[in-house]
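Every value quoted in this text rests on a predicted model; they were computed, and no experiment measured them. What you see below is based on every heavy atom in this structure, not just the backbone, and it leaves out hydrogens, waters and symmetry mates.
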Amino acid sequence: MTKRAAKRALVLPILAVTLACAFLPTPPDATPAAPTPRPAATAIRQLDGDEPVVITGTIPFTSPFFLDGIAEPFVLLEDETGFIRRDKEFVFPLEGQMIGPVELVEDGLLRYTLPLPAVPQGILADVDNDGAEDPGVMVFAVAYWSNTWGDPFLERRDGRGWSNAYTSARTNPYREDEIDGGTLVIWAPDASQGFPTDFGPDGLLFTEDDPTAAVPAGYSLVNLDERPFQIYKETAPEIELLEGVVAVTDLSGLGYAEAFEALFDKASREYPFTEDKDINWDQLYGEFAPQIEAAQSFDDFYRAIKAFTLAIPDGHVGVSFDAQVFFDDFGGSYGLVLNELSDGTIVVTDVMPGSEGDIGGIRPGAILLTWNAKPIGEAIDSVEPFLGPHSTAHAARPMQLIFVTRAPVGTRASVEYTYPGDTRSQAADLVAQVEYDSLFAALPEFNYDELALPVEGSVLDDSGLGYIRITTFSEDYNLMARLWQYHLEQLLDAEVPGLIIDVRNNGGGNGGLALDFAGYFFDEEIDLSVGKYYNEDKGTFEARGVPTRLEPGPLLFEGPVAVLVGPNCVSACEGFTHAISQAGRALVVGHAPTAGAYGEVGRGQYDLPEGLSLQFPTGRPETPDGQLLIEGVGVQPDLVVPATYESAMGQVDAVLEAAVGALLDRLQ
């Protein structure tokens with residue numbers, strides 16, 4: 001992660017799965033007609049004056065993740081054969097992909113242009129329900145997409161099915177993403193083809209009870225919000241794409257109390273881990289609603305909302321960063337960077353020059369004994385980190401080590417410490433000064449070179465093993481895909497016998513990209529999980545979308561693999577680790593498990609009064625047999641490496657050394 005990305009993460013300290021541009025539905029209860037694909041007509045008709053030639057429009061967006069990692073965005077004349085068939089695995093045929101450019105107009109708004117080919121190369125579908133076999137019509141939506149893998153067009157790994165976000169067609173998330181409104185674009189080879197004029201009694205489009213009527217030859221636009229549908233021609237229509245299920249819930253225009261009421265009502269219903277985390281929503285409401293009600297200033301409101309989020313042990317819950325509140329409560333520090341050994345020893349690994357700790361005589365390598373007269377472990381245990389919450393205790397611990405040394409400016413702290421091999425203890429009385437260098441030094445995402453690539457590889461000199469470090473899954477997706485493919489090709493060409501993948505400091509991002517990376521180590525497809533979401537209509541959680549699968553990549557690395565992990569491997573990083581370790585394919589090595597924060601957050605974004613943003617996870621990952629996946633526990637190392645004084649001080653990379661030794665043993 002670059003420092004720029006790290007600063008963004010600090011401003012909104014939420015580790016999340018970056019949104020895909022489209023989501024794939026599960027089949028509905030109704031059984032729709034399954035049209036037989038026919039080749040498109042090839043004759044070019046003379047366009048009349050009203051024939052659509054180009055579609056333009058805007059793409060409003062509110063999601064804070066919308067532009068993250070996107071390098072090759074475009075609009076697509078999206079073939080809706082996937083929806084007509086209810087085939088969530090439908091791959092958009094390459095020959096039918098007509099794409100157009102998009103440009104950023106202003107914050108929160110893109111503009112697009114989509115020229116229409118004289119004869120589109122989509123799939124004809126007979127949807128007129130007349131009992132006769134007809135050529136049918138092509139059905140399209142205008143949808144926003146982006147390319148990650150291969151050429152500029154969409155391939156199987158880029159996306160399938162049909163869009164339910166940033167599309168001209170409106171979809172219903174509570175009815176399996178059925179299209180129930182918006183605008184479609186259709187093309188008929190002649191004037192004898194029919195198309196539905198309404199949804200019919202079952203309320204579903206493209207089913208046998210739809211009333212139909214003949215449509216004119218060529219392109220037509222279909223307004224599904226009119227009854228009967230309005231089918232018309234317009235030379236240069238303008239269509240706004242709909243943000244759909246990922247739109248931010250905007251509560252910014254409400255008062256403090258009203259915004260909290262609306263937030264609490266929605267988030268508490270949709271939160272997917274209530275029972276797993278033993279969350280008592282009534283108790284939380286009773287504690288925090290009065291604080292919100294009593295808030296007389298922004299600071300009061302912010303502190304109450306922040307405390308509310310910290311009461312929920314979930315690394316994907318959080319509210320945006322407020323610099324003034326942070327300065328007031330934690331702007332002071334003593335300039336110490338701490339680390340913890342496996343036996344509980346707390347070591348000072350760095351002291352900022354000129355800081356209170358430096359002036360007080362504390363040097364790197366010191367072992368802390370007490371903090372303000374409390375045993376150091378007890379003092380750390382009582383810390384609630386401001387940059388939280390966390391899904392697991394082992395993920396919270398590094399932040400507790402940071403925030404035990406932070407306090408309001410002017411706060412005094414007495415410290416007792418010693419050095420290895422010294423039987424005497426020393427003491428220092430410190431006063432917190434304005435100091436942030438130790439905070440940045442302790443956060444790994446601030447310590448990468450600004451010009452470092454998100455995927456970097458090498459061959460380790462001593463062992464001859466390959467080494468790849470992945471620091472995020474949320475940078476330029478296309479760049480990351482090319483780098484990953486390049487490094488794997490080079491390792492295979494060099495016949496490198498084994499590979500170490502370092503994701504110890506990877507804050508997550510695009511979960512689909514992470515699984516694509518893992519696919520390069522498998523030759524068979526594996527079902528990994530299903531995602532469950534709250535259905536507002538039914539009042540229950542239900543599976544949505546296609547099962548998450550590990551699918552083989554275009555290259556196969558067959559040698560032994562080790563993955564280096566730790567509590568700073570979060571979200572999509574954890575999904576990558578879980579996937580690549582399937583069937584014992586990779587050895588997971590680390591001092592501690594991954595963070596244990598794996599809920600999906602794309603549909604849980606909120607805007608609150610006075611510019612605050614907040615998120616809750618809404619997606620629950622479960623294994624195919626119904627067990628909660630990763631959340632609250634993390635991915636456990638197969639090989640647990642003790643954290644020693646030497647490793648804490650950076651004298652050795654004990655985790656890397658253990659992985660090298662384990663792989664060399666496997667290669668013997």
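Side chains of W149 and Q485: a donor-acceptor N/O pair is absent below 3.5 angstrom, by distance only. Checking S163 against E78 by side-chain atom types alone, a donor-acceptor pair falls below 3.5 Å. Side chains of Y477 and D68: no donor on one and acceptor on the other come within 3.5 Å. H578 and E574 are not linked by any side-chain donor-acceptor pair at a separation below 3.5 angstrom, with hydrogens and angles left out of the test. With no hydrogens or angles considered, a side-chain donor-acceptor pair links D202 and T207 at under 3.5 Å. Side-chain contact, E270 with Y533: no donor N or O sits under 3.5 Å from an acceptor N or O. A side-chain donor from one of Y285 and E261 sits under 3.5 Å from a side-chain acceptor of the other. Side-chain contact annotation: E243 with Y166, donor-acceptor N/O pair under 3.5 Å present. Checking N535 against E542 by side-chain atom types alone, a donor-acceptor pair falls below 3.5 Å.
The aromatic ring centres of F195 and F206 sit less than 6.0 Å apart. Between F199 and F229, a ring centre-to-centre spacing shorter than 6.0 Å is recorded. Between F517 and F473, the distance separating the two ring centers is shorter than 6.0 angstrom. Between W281 and F264, the ring centre distance stays below 6.0 Å. Annotation: F273 is not in aromatic contact with F616 [ring centroid separation under 6.0 Å not met].
Using a 4.5 Å heavy-atom threshold, the side chains of L629 and S529 count as touching. Under the 4.5 Å side-chain criterion, counting only non-hydrogen atoms from C-beta, Q97 is in contact with L154. Contact annotation: the side chain of M480 approaches that of L513 to within less than 4.5 Å [non-hydrogen atoms, C-beta and beyond].
Sorted by first and then second residue, the salt bridge (charged side-chain N to carboxylate O under 4.0 Å, His left out) pairs involving residues 616-625 (not counting sequence neighbours) are D276-R620, K532-E622, R620-E622.
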Exercise for the section: Quick one: do F92 and W145 satisfy ring pair (Phe, Tyr, Trp, His ring centres under 6.0 Å)? Show the steps, please. Expected result: CA-CA 12 Å; F92 305 112; W145 281 91; 5.6 Å; yes
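Within a 6.0 Å sphere centred on CG of D107, other residues, nucleotides and ligands contribute 12 heavy atoms or fewer.
Listed for the D265 side chain is no donor-acceptor partner under 3.5 Å among the backbone atoms of A262. Formation of a donor-acceptor pair under 3.5 Å by the R549 side chain with backbone atoms of I526 is not found in this model.
Going from atom CD1 of I59 over to atom CD1 of I239 covers 11.5 Å, rounded to the nearest 0.5 Å.
Between R544 and D177 there is no salt bridge, since no side-chain N of the basic residue sits under 4.0 Å from a carboxylate O of the acidic one. Between R86 and E176 there is no salt bridge, since none of the side-chain N atoms of the basic residue sits less than 4.0 Å from a carboxylate O of the acidic one. Using a 4.0 Å cut-off between a side-chain N of Lys or Arg and a carboxylate O of Asp or Glu, R175 and D537 do not qualify as a salt bridge.
Figure legend: R482 and Y486 shown without cation-pi pairing, the cationic atom not lying both under 6.0 angstrom from the six-membered ring centre and within 45 degrees of its axis. Cation-pi geometry between R85 and F90 is not met at under 6.0 angstrom from the ring centre and within 45 degrees of the axis.
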